[in-house]
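This report refers to the structure that appears directly beneath it.
As a basis for the values below, the full set of heavy atoms in this structure was taken, side chains included, without hydrogen atoms, waters or symmetry mates. From a predicted model like this one, the values you see are computed outputs, not experimental measurements.
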Amino acid sequence: MDILELESFLPYRLYRLSDAVSREFSEVYKDRHGLTRPEWRTLSGLGQRGTMTATELGEQSAMHKTKVSRAVAELERRRWLVRTPDENDRRVEHLTLTNAGLAAYREMVPLAQSFERELLAKLGVDERAAIVRGVAALERALEAK
């Protein structure tokens with residue numbers, strides 16, 4: 001019987017790496033604003049794109065609709081986003097950051113960029129280039145399916 005060694009199985013290694021990086025970065029926005037990972041992903045998605053629907057947010061951030069829904073509700077409670085019903089389909093709401101939400105997003109952007117720089121600084125120049133190329137190649141390969 002074959003045994004799958006998880007420690008050398010690429011999908012498992014990528015998952016663990018992604019989770020570790022995400023957890024480390026979550027300390028930045030958790031300490032700063034008390035945000036959860038889904039709330040940060042929602043805030044950053046809207047900060048980047050402007051107005052989105054919950055479905056679009058879920059697709060962009062790879063979050064399940066219940067996580068998106070909870071994050072949207074919390075950001076709305078904080079008055080960081082507003083919902084606007086779609087004129088043609090009342091089941092759809094367009095989500096937009098308020099001025100307070102935009103301010104929080106703008107405060108987090110340089111912190112996120114600094115986190116990324118510090119993370120990549122742990123690698124050599126060739127390693128940085130290789131990881132950027134490798135991740136892009138995997139993304140292309142999976143999109144081609």
Distance in Å, Leu75 CG paired with Leu97 CG, rounded so as to fall on 0.5 Å steps: 7.5 Å
Val92-Val72 co-clustered via ILVMFWY side chain contacts under 4.5 Å: no
Other residues, nucleotides, ligands: >12 heavy atoms within 6.0 Å of Asp89 CG: yes
Separation between CG of Asp2 and CD of Glu5, rounded to the nearest 0.5 Å: 10.5 Å
More than 12 heavy atoms from other groups under 6.0 Å of CZ on Arg128: yes
Interatomic spacing from OG in Ser61 to CZ in Arg37 - rounded to 0.5 Å: 12.5 Å
Gap separating the CZ atom of Arg83 from the OG1 atom of Thr96, nearest 0.5 angstrom: 12.0 Å
Cluster check Met108, Phe115: I/L/V/M/F/W/Y, side chain < 4.5 angstrom: yes
Salt bridge (charged side-chain N to carboxylate O under 4.0 Å, His left out) between Arg70 and Glu74, intermediate numbers included: CA-CA 6 Å; Arg70 287 185 192 126; Glu74 176 56 22; over 6 Å; no
Closest non-hydrogen atom pair, Trp80 against Leu43: CE3-CD1, 4.1 Å
Presence of salt bridge, Arg140 and Glu143, under 4.0 angstrom: no
Parallel, tilted or perpendicular: ring planes of Tyr105 versus Trp40, cut at 30 and 60 degrees: parallel
Main-chain N/O of Arg41 paired to Ser44 side chain as donor or acceptor, under 3.5 Å: yes
Linked, directly or transitively: Val28 and Leu35 (ILVMFWY side chains, under 4.5 Å): yes
Heavy-atom pair with the smallest gap, counting every atom of Leu6 and Arg13: O-CG, 4.2 Å
ILVMFWY network linking Leu120 to Val21, side-chain heavy atoms under 4.5 angstrom: no
Non-hydrogen atoms of Glu39 and Gly34 that approach each other most closely: OE1-O, 4.0 Å
Over all atoms of both residues, closest heavy-atom pair of His94 and Thr53: ND1-CG2, 3.9 Å
Donor-acceptor pair, side chain of Glu127 and main chain of Gly124, under 3.5 angstrom: yes
Ser22 side chain vs Ser18 backbone, donor-acceptor pair below 3.5 Å: no
Heavy-atom pair with the smallest gap, counting every atom of Ala54 and Leu95: N-CD1, 3.8 Å
Any donor-acceptor N or O pair under 3.5 Å, side chains Ser114, Glu118: yes
Flag, side chain of Ser26 to backbone of Arg23, donor-acceptor distance under 3.5 Å: yes
Trace of the side chain to side chain contact (heavy atoms under 4.5 Å, CB included) decision for Glu107 with His33: CA-CA 10 Å; Glu107 179 186 329; His33 292 292; 3.6 Å; yes
Single-linkage hydrophobic cluster Leu102~Tyr29, side-chain heavy atoms < 4.5 angstrom: yes
CZ on Arg78 to OG1 on Thr98, rounded to 0.5 Å: 11.5 Å
Neighbour count >12 (heavy atoms, 6.0 Å) for atom CG, Leu111: yes
Asp19 atom CG: more than 12 heavy-atom contacts under 6.0 Å: yes
Least distance between heavy atoms, Ala71 atom then Thr42 atom: CB-OG1, 3.4 Å
Salt bridge Asp86-Arg90, side-chain N to carboxylate O under 4.0 Å: no
